[in-house]
Each structure stands twice: as C-alpha cells, then as structure tokens.
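So the structure is just underneath, and the comments pick up after that.
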Amino acid sequence: MRFILNTMLSKEIRVRFAPSPTGPLHIGGVRTALYNYLFARKYGGKMILRIEDTDQNRFVKGAEEYIFESLSWCGIQFDEGVNEGGPFAPYRQSDRKSIYHRYAMQLIESGNSYYAFDTPDELDAMRKKLESEKALNTSYSSVSRLTMRNSLTLSKQEVDAKLNSGANYVIRFKTPENEDIQFTDIIRGEITVRSSALDDKVLFKSDGMPTYHLANVVDDYFMKISHVIRGEEWLPSLALHVLLYRAFGWGDEMPKFAHLPLILKPDGKGKLSKRDGDRLGFPVFPIEWISPENSEVSSGFRESGYFPEAFVNILAFLGWNPGTEQEMFSMDGLIASFSLERVGKSGARFDPDKAKWYNHQYLIQKDDSDLLEDFRSILSGKGIQETDDRIAKIIGLVKERSNFVKDFWEQSYFFFERPGSYDSQMIKKIWKENTSEIMNSFEKRLRNQDDFDVVHLDAMIKEFTEEQQIVMGQVMTPMRLALVGAAMGPGVTTIMELIGKDEVLKRINRMLEFIKTN
RNA sequence: GGCCCUAUCGUCUAGUGGUUAGGACACCAGGUUUUCAUCCUGGCAACCGGGGUUCGACUCCCCGUAGGGUCACCA
C-alpha cells in the first residue's frame with residue numbers, strides 16, 4: 001500500500017493541451033482539452049497549454065486568441081502556458097526553435113537519424129516508381145532510403161559539401177528495419193506495430209523548424225508530461241513517438257498515452273466537420289469564428305445560446321460516462337467522477353437534439369434573475385423597456401417551454417405587443433356562432449372587474465360561466481386567441497393579470513372586430 | 001491499397017460468462033394542463049455475420065463484414 005502510494009506520488013500528474021493555431025478550435029479539440037483538464041484536476045496535477053506553431057505557412061491570425069477565449073468560456077483553466085508562464089517557459093514552439101535542432105543533431109550523432117537532400121520532385125518520382133512496382137511500402141523507408149540522396153548513401157565528403165554550401169536538407173528518422181514495437185494505450189490496451197510498416201518521417205524541416213513529431217516528443221519530455229491525452233488521429237504515429245523516446249534514451253520516462261475516440265457527424269459517415277454544422281443547423285465550434293481570409297462565419301455554441309456549463313456537460317458525455325444514470329454534471333462533478341478508464345473506444349456521433357435538451361435542463365434550473373440580463377438585451381433590441389421585476393416574472397412563465405434564452409421572445413411576445421395575426425386553424429376550430437356573443441358579454445363583465453389578478457379573475461370567470469351556463473373552454477379559448485393569437489402560452493388569467501385590464505379589453509375588441517370583418 | 005483502431009436500440013450509452021439486455025435523447029400513445037410547453041405513465045426499438053472456447057456467450061478467441069483514422073518538409 002505504501003509502495004503504491006509512493007509510486008503514485010513520485011510522478012506528478014502533468015498533462016498538456018497542445019493545439020495548433022491554424023484556425024478555430026473544433027469541438028473535438030475542446031473535448032480533448034476538457035478531458036485533459038478533468039484528469040489534471042482530478043489527480044491534483046498540472047494543466048499546461050502549449051502552442052504548436054511549427055508550421056509557419058499555416059499560421060492563422062487570431063487563432064491563438066480564439067483558442068484562449070474558447071477554453072476560458074468553457075471554464076478550462078491552465079496552470080502553465082503561453083499566458084500563464086511557468087517553469088518550462090517558453091510554451092510556444094516557435095519560441096523554442098533553438099532547442100529542436102540540438103536534439104535532431106543528437107539523433108544524427110547516435111545514428112538514429114540522417115540528413116536527406118531529396119527534392120520534392122525526387123520524392124514524387126520515388127513514390128510513383130514504388131507504386132508501379134506494387135511495393136508493400138511506398139514511402140521513404142528502410143528500403144527506399146538506400147536509393148535516395150541522403151547521408152546514408154552519400155559519402156561524408158559529399159554530405160559535408162552540401163551542408164556547407166547551404167543546400168536544403170531535412171533530417172529524417174532512421175526507422176529500425178524489422179522490429180515489433182509494443183506499447184500500451186490507456187484506452188485501447190496493448191498495440192503492436194511492425195517497424196517495417198513505418199516510414200522515415202521528417203523530424204526537422206528545411207526551413208529550420210521541427211515537425212510535430214520531434215517537437216512534441218522533445219517538449220513533452222522536458223515539460224515532464226506524465227500523460228498524453230489526445231485525439232485518435234495520432235494513434236498511427238504513436239509507434240514513431242515511442243521509437244523517438246527510445247532513441248533519445250528517454251524510454252523509461254516516456255509519458256503514458258490515451259487516444260480519445262473521434263466525434264462523428266450526426267448522420268452519414270465520417271468525422272464531424274464545419275459543413276455538417278452548416279448543413280444541419282448547429283454549431284461545430286465553441287464560439288463564433290470569422291475567417292480573417294474570406295470573412296466566412298463559423299457559428300459558435302456560445303452565440304447560439306448554449307450555456308458554457310451545458311456545453312461542457314454535452315462534450316464530457318461524448319465518449320465518456322460515469323457508469324451511473326446521472327447525466328447532469330457540473331465541472332466540479334465531472335472532475336470528481338472522471339476517469340480515463342471510462343472513456344469509450346468508439347467514435348461518438350454528435351446529437352444536436354440531445355445538445356438542446358441539455359441546454360434546456362440548465363435553462364430551467366437557473367434562477368429567473370440570472371436570465372434577466374440576457375433577455376433584457378433581446379427586448380432592448382426590439383425597443384422594449386421593462387422593469388426587472390416584470391421581465392423576471394415573464395421569464396419564469398416561459399423558460400420551461402424554451403431551450404435557449406433566445407426562444408423567450410417567441411414564447412412571450414404577447415406580453416409586450418398585440419398578436420400580429422390570429423391562428424386561422426384555431427379560429428375555425430373554436431369560434432362557434434355564439435362565441436362572439438359570449439365574448440361581448442364577457443367584455444362587458446370585465447369592464448366592471450377591478451381586482452385584476454389571477455385569483456379574482458379565475459373566480460370571476462367561474463362565476464361568469466355558471467351564469468351563462470357554458471363551460472370554461474368557451475371563454476378561455478377565445479380569450480387566449482384574442483390575447484395571444486395562438487394556442488400557446490401560460491394560463492389565460494396569468495396573461496390577463498400581466499398585461500392589464502385596458503390592454504385586455506382592447507385585445508378582445510380587436511379580436512371581435514377581426515371576426516366580424518373576416 | 002498498406003498499417004492501426006472500432007462495432008449493444010435511429011443517437012449517446014450501461015453491461016466485463018448465467019440479466020425479462022438497463023438508462024437518456026428522439027419518436028409514438030395515454031394522463032395532467034381550458035391551449036402550448038413542462039410533468040407523470042406506458043410503448044416502439046439493439047447485442048454486425050460466421051466459426052470456435054465453454055455446461056452456458058452481448059461478454060473470451062479467430063475469420064469475415066462494416067465504419068473510422070492514418071499514410072506531407074500539416075498538426
């Protein structure tokens with residue numbers, strides 16, 4: 001027991017989220033960040049944000065800021081990172097440029113990598129040739145490298161001459177020829193890959209920057225990352241990464257790996273993309289993104305009206321579940337319950353309906369006063385000014401029939417303005433030949449009604465229907481039509497109380513006029 | 001195509017050799033609500049196929065099939 005405790009304590013949990021600032025962060029990326037965060041918090045570890053911007057060509061202005069803002073909106077916080085600083089700064093790979101060359105060189109010296117001088121055309125020709133020969137491995141590999149221009153085939157003099165003349169070169173990993181590479185993934189278990197299936201990946205590019213593979217391994221090692229939790233798309237390169245750790249002599253300190261399943265599109269095949277969101281009408285990004293290149297807008301969950309806590313809850317359940325029947329989880333609840341062992345192996349389709357349901361749950365459990373500001377700004381946009389008290393009251397009446405704050409208006413417009421039209425289906429159904437007569441006498445009766453609140457109105461209407469020998473519906477339904485214009489909304493007397501006697505009388509007469517002239 | 005991963009209701013999933021295969025979303029029906037929504041009750045609906053292993057497989061193994069990922073001087 002003591003031993004177990006010690007080994008657990010001996011290595012601090014340190015995880016990182018390492019996005020590339022090439023555009024908006026897809027919800028799959030946000031979920032990866034979330035799982036890392038939950039894992040770190042659960043075990044009292046550190047959460048690190050590292051920016052992987054080793055591809056200068058793909059740099060997109062504003063993408064970094066977008067990432068910060070998105071994660072911050074979700075409530076995902078970092079202990080170390082580009083903004084937070086930390087003992088292993090800098091945390092932006094472009095600022096760590098000088099480190100990588102050194103380790104690429106170390107690999108050359110140890111015989112684990114080599115210089116290659118092939119031009120893109122030559123690489124292309126090689127691939128075509130191998131394909132035409134129906135070769136098993138058509139890539140730059142342990143067999144094809146011997147036919148190419150590199151420090152394995154060229155003499156030392158030739159190589160030095162090229163290097164000194166400033167010729168373009170890359171550094172490639174010298175993949176072992178025939179070796180079974182075995183490793184463990186926390187989510188998937190034991191995996192074995194034959195090294196002959198691998199290619200000699202470029203580790204260091206001719207522009208002086210490392211590729212992902214090199215930078216990632218070097219940084220994770222020096223930043224003392226204990227667990228690499230990332231998307232499944234990285235699984236195929238895990239064998240290479242394992243080989244790299246070993247080549248550096250860091251095999252014993254290699255982090256543990258967990259590859260998360262992908263988020264799939266709601267219908268059809270494949271992983272979720274921006275196009276699916278546009279096509280099916282739901283966001284695929286946490287917050288709105290406007291492309292600096294073509295001004296194209298990608299809608300965000302935030303702008304669509306999702307609460308961050310709902311969004312986080314939705315994301316957490318896409319691939320993970322607590323094993324109980326509880327579905328509503330706050331961030332703290334998630335931290336307490338989360339474990340990588342309960343992350344599923346298969347891809348999860350995003351379900352927009354369930355996402356709405358989640359938001360609805362959060363909406364109805366919020367206090368009316370917490371929703372007030374959001375709704376007031378919608379009302380202000382329509383030129384409507386109201387007291388806090390009245391807005392809160394109306395919110396209380398309509399939130400159960402809404403999924404988002406933005407739904408409030410269409411559920412409550414009749415509190416602020418007269419109905420713009422009357423549901424013709426409903427008129428046909430409920431407006432009998434004596435209805436206008438009933439409404440006329442009800443209108444007269446209403447004029448003498450001084451206590452205009454639900455309790456008194458209910459009593460009055462009951463009395464009225466008894467007098468007239470009619471049923472409730474014969475006055476309530478036409479009243480609803482007059483007040484709302486449709487078969488929806490809170491109780492009729494509740495609406496009456498809130499809009500007041502004068503307005504109620506006006507709406508009744510307007511309705512009667514409409515019936516007469518149509 | 002090579003390599004790797006995956007496979008329970010339409011969707012998200014529980015399930016770790018013996019269960020009437022459970023829950024949630026969606027859908028349908030009934031009830032409550034004078035309406036709509038909420039809510040309550042009920043219903044529909046699943047172990048990809050074939051072989052093994054076993055007294056017994058959704059569960060373990062193998063082979064198919066299907067889906068996904070990946071094969072860049074991108075991450």
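Reminder, nothing fancy here: chain letters follow the sequence lines and each chain counts from 1.
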Short side-chain N/O contact from Asn321(A) to OP1 or OP2 of U13(B), under 4.0 Å: no
Ring geometry between Phe317(A) and Tyr358(A) (parallel below 30°, tilted from 30 to 60°, perpendicular above 60°): tilted
Lys205(A) vs C74(B): side-chain N/O to OP1/OP2 distance below 4.0 Å: yes
Whichever of Ser237(A) and Ser139(A) has its nearest RNA chain B nucleotide further upstream toward 5': Ser139(A)
Pair assignment for G30(B), Watson-Crick or G-U wobble, requiring both distances under 3.5 Å: C40(B)
Geometric class of the Phe338(A)/Trp320(A) ring pair [parallel <30°, tilted 30-60°, perpendicular >60°]: tilted
Sugar-phosphate, base or nothing in reach of Arg342(A), heavy atoms under 4.0 Å: sugar-phosphate
Integer angstrom distance from the P of U41(B) to that of G67(B): 40 Å
Listed nucleotide nearest any side-chain atom of Trp357(A), set C4(B), C73(B), A24(B): A24(B)
Candidates U34(B), C3(B), G68(B) - which lies nearest the side chain of Glu232(A): G68(B)
Polar side chain donor-acceptor pair, Thr493(A) to Asp458(A), under 3.5 angstrom: yes
Sugar-phosphate, base or nothing in reach of Lys356(A), heavy atoms under 4.0 Å: nothing
Sugar-phosphate, base or nothing in reach of Arg188(A), heavy atoms under 4.0 Å: sugar-phosphate
Contact under 4.0 Å: Arg172(A) side-chain N or O vs A72(B) OP1/OP2: no
Glu325(A), nearest nucleotide to its side chain (from A75(B), U6(B), G22(B)): G22(B)
C1'-based separation of U16(B) from C61(B) [nearest Å]: 16 Å
Sugar-phosphate, base or nothing in reach of Ser346(A), heavy atoms under 4.0 Å: sugar-phosphate
Pair of N/O donor and acceptor under 3.5 Å linking C74(B) base with Arg58(A) side chain: yes
Touch class at under 4.0 angstrom, heavy-atom based, for Pro490(A) against every strand present: base
Whether His213(A) and Trp234(A) hold their rings parallel, tilted or perpendicular, with breakpoints at 30° and 60°: perpendicular
Asp353(A) side-chain proximity, nearest of G69(B), C25(B), C71(B): C25(B)
Sugar-phosphate only, base, or nothing, as touched by Asp118(A) at under 4.0 Å among non-hydrogen atoms: base
Spacing of the P atoms in U11(B) and A45(B) (rounded, Å): 16 Å
Sugar-phosphate, base or nothing in reach of Tyr212(A), heavy atoms under 4.0 Å: base
Of the listed nucleotides U6(B), U70(B), U35(B), the one nearest the side chain of Arg480(A): U35(B)
Contact under 4.0 Å: Arg194(A) side-chain N or O vs G2(B) OP1/OP2: no
Sugar-phosphate, base or nothing in reach of Thr477(A), heavy atoms under 4.0 Å: base
Heavy-atom pair with the smallest gap, counting every atom of Lys345(A) and Ile187(A): CE-O, 3.3 Å
Lys354(A) side-chain N/O to G23(B) phosphate OP1/OP2 under 4.0 Å: no
Between P of C73(B) and CG of Asn216(A), the distance in whole Å: 17 Å
Among A37(B), G69(B), U11(B), the one nearest Arg401(A) by side-chain distance: A37(B)
Contact nearer the 5' end of RNA chain B, comparing Ser206(A) with His360(A): His360(A)
Counterpart base for C74(B), defined by Watson-Crick or G-U wobble contacts under 3.5 Å: none
Sugar-phosphate, base or nothing in reach of Gly491(A), heavy atoms under 4.0 Å: base
Between G69(B) and G10(B) - P atom distance, rounded Å: 22 Å
Rounded interatomic separation in angstrom, taking CZ from Phe329(A) and C1' from A24(B): 13 Å
Residues Asp200(A) and Thr175(A): side-chain donor-acceptor under 3.5 angstrom: yes
Sugar-phosphate only, base, or nothing, as touched by Ile191(A) at under 4.0 Å among non-hydrogen atoms: sugar-phosphate
Counterpart base for U65(B), defined by Watson-Crick or G-U wobble contacts under 3.5 Å: A7(B)
Rounded interatomic separation in angstrom, taking CD from Glu341(A) and P from U16(B): 17 Å
Nearest listed nucleotide, side chain of Asp55(A), among A75(B), C73(B), U70(B): A75(B)
Span that lies between the P atom of G52(B) and that of G68(B), in whole angstrom: 31 Å
Atom-pair distance (NE2 on His213(A); P on U70(B)), nearest Å: 12 Å
U20(B) - base-pair partner by Watson-Crick or wobble geometry, distances under 3.5 Å: none
Gap between atoms CG and P, on Leu25(A) and A75(B) respectively (whole Å): 17 Å
Any Thr324(A) side-chain N or O less than 4.0 Å from OP1/OP2 of A14(B): no
Sugar-phosphate, base or nothing in reach of Val471(A), heavy atoms under 4.0 Å: nothing
Inter-nucleotide P distance (C44(B), A57(B)), Å rounded: 27 Å
Sugar-phosphate, base or nothing in reach of Val202(A), heavy atoms under 4.0 Å: sugar-phosphate
A26(B) and C40(B), which share atom name P, separated by this distance in whole Å: 13 Å
Sole candidate of Tyr306(A), Phe301(A), Phe311(A) that passes side-chain contact (heavy atoms from CB on, under 4.5 Å) when paired with Asn359(A): Tyr306(A)
Residues Asn321(A) and Arg342(A): side-chain donor-acceptor under 3.5 angstrom: yes
Aromatic plane relationship, Tyr66(A) with Trp289(A) - under 30° parallel, 30 to 60° tilted, over 60° perpendicular: perpendicular
Pairwise C1' distance for A24(B) and A14(B), with rounding to whole Å: 11 Å
Atom-pair distance (CD1 on Ile461(A); P on U35(B)), nearest Å: 14 Å
Selection from G10(B), C36(B), G23(B) that lies nearest to any side-chain heavy atom of Glu327(A): G23(B)
